[in-house]
K.L.:
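Take this structure, written in C-alpha cells, and hold onto it; I'll ask about it next.
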Amino acid sequence: MTDSQRIRLSGREYRGLERIDGSLVFMKNTHPVGYNELVQITDKDGNIRSGQVLDTSDEAVCVQVFDGTSALNLPDTRMVFMGEPITLGVTDKMLGRVMDGLGNMRDGNAAPMAEARRDVNGSPINPTARIYPRDFIQTGISCIDGMTTLIQGQKLPIFSANGLDHNILAAQIARQAKVRGADSDFAIVFVAMGIKYDTAQFFIDSFESSGVLDNVALFLSLADDPSIERLITPKSALTLAEFLAFDKGKQVLVIMTDMTNYCESLREISTLRGEIPSRKGYPGYLYSNLAELYERSGKIEGREGSITQLPILTMPNDDISHPIPDLTGYITEGQIVFSRQLASKGVYPPVDVLPSLSRLMKDGIGEGMTRSDHPHLSNQLFASYSHVKDVRNLASVIGEEELTDLDRCYMRFGEFFEQRFLKQGTNEDRSIEQTLDLGWKALGFLPREELSRLSEDEIDSHYTAAEA
Amino acid sequence: MDQAVIGRVKRVNGPVVTVSGITNASMMELVYIGEYRLIGEIVKLEGSSATVQVYEDTTGLAPEDPVYTSGGPLCVELGPGLIGSIYDGIQRPLEALRASGGDFIGRGQSANSISHKQKWSFHRTMEEGSTVSGGSIIGYVDENSNIKHKIMVSPFCKGGKLVDLAPDGEYDVTQVIANVLGADGRKTAVRMSHKWPIRKSRPVQSHMSLSVPLITGQRVIDVLFPLAKGGTVAIPGGFGTGKTMTQHAIASWCDADLIVYVGCGERGNEMTDVLREFPTLIDPRTGRSLMERTILIANTSNMPVSAREASIYTGITIAEYYRDMGYHIALMADSTSRWAEALRELGGRMEEMPAEEGFPAYLPTRIAEFYERAGYMKNLNGTEGSVSVIGAVSPPGGDFSEPVTQHTKRFVRCFWGLDKGLASARHYPAISWLTSYSEYVPDLRSWWDRKSNGAWEADRTAIMSLLQQEVRLSQVVKLVGSDALPDSQNFILSVCDLFKTAFLQQNAFDDEDKYCNADKQLKMLRLIMLYYELGSKAIKAGSTLIKVKRLKVVQDLARMRFSKDLGDLEQRLRSSMRALEEAYDR
C-alpha cells in the first residue's frame, strides 16, 4: 500500500474491540494498518486517548494505549488509525513550558505553533556525519571535571541508588555547566519518568531559582501517570532536543530521570505481549531499545548544536550488574557511579571514582583544553586512590598502628582526597584550575617516588610535600 | 526496480515480517518489501507463507504490502574500491548514503557498494587462452600504494579457457574484461568485481597449520598470550574494561596487510573516532596512512538489529576475498555479544523456543560457523593467506559464565580476559594474566625462539611462574603485612610489580609506547628476568631488598618502555648488581 492510499484510509473510524489486556487493545477487521502507526482511541464518554500499533496482521491489530485502558469497554470504544507514526510538533517556544509524555501542555494553555512535525522515533545519525566530541564542559564539580570529565555531545549517566543525592547533583550540573570561553546558546530538556511530584518540583524550583527556567522544556510523566506513557516520554523529549540542537544550533543538555522506571514499563509491556524474556524478565531488545535513546546524542558535522545526555538511573538493590545499569554502561560513554559508603561518610557528591569513567575524557583534556598536567594527574590520582583501598583493607586486619610509614601516607592521602577533593558544597562552583590544584595538594601527602605516572617536569612544577 | 511480486505481507512484528501467498522462494533469499523496498531475507518457509527478517525500520509497513524477489541470497559486492570505505551491516556505503540522504539514515536508501564509475588501471598477468578455474588470478589493479588488488575469476566459475581478455587499460568494475570458455562451450563473463553470498565461506584448497604470530605490538599479548596468523581470539570484559581500546590498538598496529573492523551494535562516536583518527595515523611498517589498509563496517547500536546480525558475515566475506589474493587479514568484531543478542531478539520475535538466558539453541552452532571461517589457507589459486578473527565479548555484569562467553571459549584457542580491577586502577591494557591463555604458544614457539635464540620460551615460562607465586604471596601480605615475608620473597613481589608497570602496562597515547616491536619486547623481557636473576643472587649473597630496589638502574628499567633505545641498560644493570654482590663477598 502506498502512502497516498494509506492516507485515504486513515480517516476511517472503527468501533468495537476484540480484547483488552492490560494496556494493550486488539481490534479485528480493519483496513491494512501500518506498523508503529499512531492511533486515536475514543472511549464511551468521548474522551480521546492515544496509542501506537505494536503488531499488525491481516487478522488483528494490537495497539498499546499510552493513557492506560481503565474505563475502556469492548463494544463502545472507537479507533481511528492516523496513517503515520507518532509525531511531535516542535518549536523553540516549547522552552519554558511543562508538557506530558506526548508533548501536550500540562498547564492547560494552548500549545505553541509548531514549526515542524517530527517522527518521535527519530532516525540513526549516519556515523560519517558525526563529529567526535572533544569540547570540555566545566561542571564546577571536582570529581567530574577532574576524574570523569564531561564532554559536549557525550552521554554520561549517573548510576545511583535509592536515597542518594543524584537529583541534587543533576540539578547542580544543570546550573553550573558551561563551556569555557564560549558564549553558547544553551537549553535544557528535562525528562521525568515515573518520579514523584516533589522530585519534579525540586528540579523546577532549582531551575527557577537560578533563572534558567525559560530555557528549560519539561516533559513530565510522573509516578501516578500511566506507566505506558513513560515509553514515549523520552522519545518526545529527544525529538525536541534534536530540533533545538541540529535545527536551532543550541547546546542542549538532556536530563533523563529515572531510566529504571522506563525499563520497568518496557518489561511490563513485553510481559503483556507474551514475549520471551531474557535476564530478570526484561525483553531481549532492552539493549537495542536503550541504544535508540542514548545514541540520540552527539554532534553533527556542519551543524552548530550538540546534545549532551545525563541520564539518571537508580540501581535496583545497589547492584551495578543488574541488567539496567549493565546495558546502559555498554551503550553510554562512561558512567558516574554513586557509593552508599561515601554518602554515609557525609561526602557529597558521593561519587566512587574507581568504577566511574568518562570515555571521551582522553581527547577533551590536557594542553589547550584544560591544563597540560590534567591527563597524568588524574591517572595518578586513580592509581593512588585504588591503592588506598588495599591499605584500608590491610589496616582493618592488622590495625593502623602496624602499618608502614608509606601505608600511613596513603591513609592520609585517601582521607584528604575524599574529604576535600571529592566533597564540596551543593552551590560550590570550582574552576578546573582549583580542582587540579586540589588534586596536587592531595598528592602532597605521598612521597615523590610514589608518583610514577607523572613526568619529572610536572612534579617539579606542581608538587609540594604536605607537612607531616 | 521491476522485480516480480512473490507474495504479500501478512503480519508485521518489528523487524520480523510474515509473508503469505509465496509460490516460489528459497531460504535466505533476499527480498524487497513495500513501497520503500525495504531489504529483507527469508529465514523460514512454511507452506505458502514465509518469515522475512527485515534489515531496516519497518514503521508504516502494513498487511497486503507487496513483496518483491531479488532472485538470490544476500550478497556483498567484491572488487577494487573497498579499502578505506565505511559500510553499514549490509554493505551500504555510509558516505554515499550521507551524500544522497543527509545526516540521518532514512529508510529504503541505497547506493552501489563500490563505485561503478571509477576507472581502474588493469594489468593482465595471464595470457589469452590460458586454462583458468574458479579463483584464478588473471591480472591486478593498484587499489592503493600498498595493496595490489588481484582480479580473480569468481570461485563459482567451473573453469575453462580464458578468452576475449582485454588489453591493459582503464576499466570500471562493471565492464567485462575477459570470458571463460567452459567445456560445454558456454562463456562466463569476468568483471573486475563479483558478488558473493555473505553466509557462505569462500572455498579454499586446504587449511594450513598456524606457525607465524600476528605481531600486535602489545607486549602482554605478543609475549604472554600470542595470537597466530589465521587464529581466533576472544576478548571478554565488562563495560569500561577497555575492549574497544584493545581492539583499536590492535587494528592500528598489528602486522596484518589489511584490517576489517566490524563495529557491531556499538557506539556511534567510537566508529567516528576510528573514522577521524585512522587517516591521521601512520602505519609503522609501510609509512602510509592506516586508512589505506582499513575497511570499516559500522552498524551502531541504534541501527536496525537484523543488519547487525548480518554485519559480521559481511565483514568476514570481505576478509576472505582479500585472503584469496594472498593477503593476511585481521578482522575485529566489536562486539560479538551484540550480534548474539540480535540473534536472540530475532529468535524471540519468531517465537522460537529459547535455550539458555533466552538465546536460541543454535547460538553455539552460529558462533562456531563464524570462527571457523578464520584460518591460514592455501587458496584456490595457490597463494597463501590468512584471516585472523579477534572477537570482543561483552558479558552481562562482567560475568564470564554467561552463554556467549562460554560458547565462544569452546571455539577459540586464545582468550584475553579483561579485568575490572586492573581497569579501575587504570592498568591498560587490562588483560588479566591469571585468566587469559593462548593455545598457540606451542605452535609459535619455533618462530619466537628463532628470533630470540631460545630465550623467549624460557623467559616466558619463568615470568609466568613468578606471577603465579605472586598471587600466593600477596594473599599472605594482605593478611599479615609485607614485613612477615623474607627479602627473597618480597623481591618476587617487587619484580612482579616492576613487570606490571614496566612491561604489561602500555600507554596507547604515548608516541613511543603505543607500539612495541618484537625485538624490543624480547629485550625488555630479558632485562626484567636478568634483574630477577641477579637481584636474587645479590640478596642471597647478603644484600638487602631495599638496596636492590634503590638502585638507580631500576628506575630506568621502570621507564624503559618510553625510550626508543634501551642503550647500555643491560651493562649498567650487570655492573650495579656486581657492585652490590662484591660489597658482601668481602
Side-chain angles (χ1 to χ4, degrees), chain A residues 1-3 6 32-37 55-58 85 121 123-133 246 275-279 284-285 287-288 291-292 295-296 298 300 303 321 323 326 329-331 333-335 354-355 357 360 362 375 379 382-383 386 393-394 397-398 402 404 452, chain B residues 10-14 18 20 35 57-65 86 94-95 97-98 103-106 238-240 265 267-269 271-273 275-276 298 300-303 305 338 341 344-345 348 351 354 357-358 394 396-399 424-426 478-483 501 509 558:
Chain A
M1 192 165 56
T2 63
D3 276 357
R6 207 190 318 278
V33 173
Y35 180 69
N36 265 349
E37 249 181 53
D55 192 335
T56 170
S57 70
D58 51 6
N121 293 305
S123 302
I125 301 177
N126 189 322
T128 60
R130 284 181 183 268
I131 307 181
Y132 192 68
F246 302 133
E275 290 170 339
I276 294 164
S278 65
R279 276 199 303 155
Y285 50 79
Y287 177 85
S288 308
E292 281 165 21
E295 280 289 330
R296 291 171 83 172
I300 294 182
R303 304 196 191 209
S321 65
D326 191 50
Y330 277 120
I331 306 165
E333 282 134 358
Q335 64 277 338
L354 294 181
L357 172 74
L360 301 183
K362 60 184 169 68
N379 206 316
F382 275 119
S386 89
N393 286 339
L394 184 61
V397 177
I398 62 172
E402 298 294 312
T404 61
S452 60
Chain B
K10 182 177 162 65
R11 178 181 174 198
V12 186
N13 178 7
T18 317
S20 63
E35 190 188 2
D57 180 16
T58 50
T59 295
L61 214 58
E64 290 177 33
D65 280 355
I86 174 165
L94 289 173
E95 260 153 1
L97 291 193
R98 187 185 175 206
D103 295 339
F104 295 87
I105 301 175
F239 61 84
R267 304 176 183 87
N269 277 333
M271 293 316 290
T272 312
D273 191 17
L275 205 59
R276 305 259 182 255
T300 57
S301 53
N302 55 339
M303 283 155 78
V305 66
R338 304 295 161 232
E341 278 164 16
R344 172 167 74 186
E345 184 173 339
E351 286 157 14
E357 293 195 15
S394 318
D399 170 16
S424 20
R426 300 320 192 244
K478 265 190 196 138
L479 285 177
V480 292
S482 59
D483 290 351
T501 49
F509 306 110

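Values in this document were obtained by computation on a predicted structure and should not be read as measured data.
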K.L.:
With a 4.5 angstrom heavy-atom cut-off, could you sort out which part of B:Val305 is near chain A: side chain, backbone, both or neither?
P.N.:
side chain
K.L.:
Shorter than 4.5 Å, heavy atoms on both sides: which option in B:Ser394, B:Ser482, B:Gly398, B:Ala558 has the most such pairs with chain A?
P.N.:
B:Ser394
K.L.:
Could you check whether B:Arg276 makes a cation-pi contact with A:Tyr132, meaning its NZ or CZ is under 6.0 Å from the centre of the six-membered ring and within 45° of the ring axis?
P.N.:
no
K.L.:
Return the option, out of A:Pro133, A:Ala383, A:Gly298, A:Pro355, with the maximum number of heavy-atom pairs under 4.5 Å with chain B.
P.N.:
A:Pro133
K.L.:
Among A:Pro323, A:Ser57, A:Ala291, which has the most heavy-atom pairs under 4.5 Å with chain B?
P.N.:
A:Ser57
K.L.:
Identify which part of A:Glu402 has an atom lying under 4.5 Å from any heavy atom of chain B, answering side chain, backbone, both or neither.
P.N.:
neither
K.L.:
Below 4.5 Å from any heavy atom of chain B, which atoms of A:Asp58 appear? Answer side chain, backbone, both or neither.
P.N.:
both
K.L.:
Mind listing the closest non-hydrogen atom pair of B:Pro396 and A:Asp326 along with its distance?
P.N.:
CA-OD2, 3.0 Å
K.L.:
In terms of heavy-atom pairs under 4.5 Å with chain A, which of B:Met271, B:Glu357, B:Glu341, B:Lys10 leads?
P.N.:
B:Lys10
K.L.:
For A:Ile125, which atoms come within 4.5 Å of any heavy atom of chain B: side chain, backbone, both, or neither?
P.N.:
both
K.L.:
For B:Ile86, is it the side chain, the backbone, both, or neither that has a heavy atom closer than 4.5 Å to a heavy atom of chain A?
P.N.:
side chain
K.L.:
Can you tell which of A:Gln335, A:Glu275, A:Arg296, A:Arg279 has the highest number of heavy-atom pairs within less than 4.5 Å of chain B?
P.N.:
A:Arg279
K.L.:
Using every non-hydrogen atom in the two residues, find where B:Asn269 and A:Ile131 come nearest and quote the distance to one decimal.
P.N.:
OD1-O, 4.1 Å
K.L.:
Please rank B:Gly265, B:Gly106, B:Gly397 by heavy-atom pairs under 4.5 Å with chain A and give me the top one.
P.N.:
B:Gly397
K.L.:
With a 4.5 angstrom heavy-atom cut-off, is it the side chain or the backbone of B:Arg344 that approaches chain A, or both, or neither?
P.N.:
side chain
K.L.:
Which bit of B:Lys478 comes within less than 4.5 Å of chain A, counting heavy atoms only: side chain, backbone, both or neither?
P.N.:
backbone
K.L.:
Taking only Lys NZ, Arg NE, NH1 and NH2, and the carboxylate oxygens of Asp or Glu, determine whether B:Asp273 and A:Lys362 approach each other closer than 4.0 Å.
P.N.:
yes
K.L.:
Once rounded to the nearest 0.5 Å, what's the spacing between atom CG of B:Asn302 and atom CD of A:Glu295?
P.N.:
4.5 Å
K.L.:
Any side-chain heavy-atom pair from A:Pro32 and B:Asp65 closer than 4.5 angstrom?
P.N.:
no
K.L.:
Counting only heavy atoms closer than 4.5 Å, note whether A:Pro277 contacts chain B via side chain, backbone, both or neither.
P.N.:
backbone
K.L.:
Can you find a pair of side-chain heavy atoms, one from B:Arg11 and one from A:Thr56, that are under 4.5 Å apart?
P.N.:
no
K.L.:
For A:Ser386, is it the side chain, the backbone, both or neither that has a heavy atom under 4.5 Å from a heavy atom of chain B?
P.N.:
side chain
K.L.:
Which answer fits B:Thr300, side chain, backbone, both or neither, if we ask what part of it has an atom under 4.5 Å from a heavy atom of chain A?
P.N.:
side chain
K.L.:
Can you tell me how far the OH atom of A:Tyr35 sits from the CG atom of B:Leu61, to the nearest 0.5 Å?
P.N.:
10.5 Å
K.L.:
For the residue pair A:Ser123 and B:Ile105, what are the closest heavy atoms and their distance?
P.N.:
CB-O, 3.5 Å
K.L.:
Hey, does B:Leu275 have a side-chain heavy atom less than 4.5 Å from the side chain of A:Thr128?
P.N.:
yes
K.L.:
Between the side chains of A:Ser288 and B:Glu345, does any donor sit under 3.5 Å from an acceptor?
P.N.:
yes
K.L.:
Is there a side-chain contact between B:Asp103 and A:Arg303 (heavy atoms, below 4.5 Å)?
P.N.:
yes
K.L.:
If you count heavy-atom pairs within less than 4.5 Å of chain A, which of B:Ala298, B:Gly358, B:Ser424 leads?
P.N.:
B:Ser424
K.L.:
Can you name the nearest heavy-atom pair linking B:Phe104 to A:Phe246, along with the distance?
P.N.:
CZ-CD1, 4.0 Å
K.L.:
Tell me the closest heavy-atom pair linking A:Gly329 and B:Arg267, and the distance in Å.
P.N.:
O-NH2, 3.2 Å
K.L.:
Who among A:Asn36, A:Ile276, A:Leu354, A:Asp55 has the most heavy-atom pairs with chain B under 4.5 Å?
P.N.:
A:Asp55
K.L.:
Which one of A:Ser321, A:Pro85, A:Pro124 has the most heavy-atom pairs closer than 4.5 Å to chain B?
P.N.:
A:Pro124
K.L.:
At a 4.5 Å cut-off on heavy atoms, which part of A:Ile331 comes close to chain B: side chain, backbone, both, or neither?
P.N.:
both
K.L.:
Check whether B:Leu94 gets within reach of chain A through its side chain, its backbone, both or neither, counting any heavy atom under 4.5 Å.
P.N.:
both
K.L.:
Is it the backbone or the side chain of A:Tyr287 that comes under 4.5 Å from a heavy atom of chain B, or both, or neither?
P.N.:
side chain
K.L.:
Between A:Val397 and B:Leu479, what is the shortest heavy-atom contact and its length?
P.N.:
CG1-O, 3.3 Å
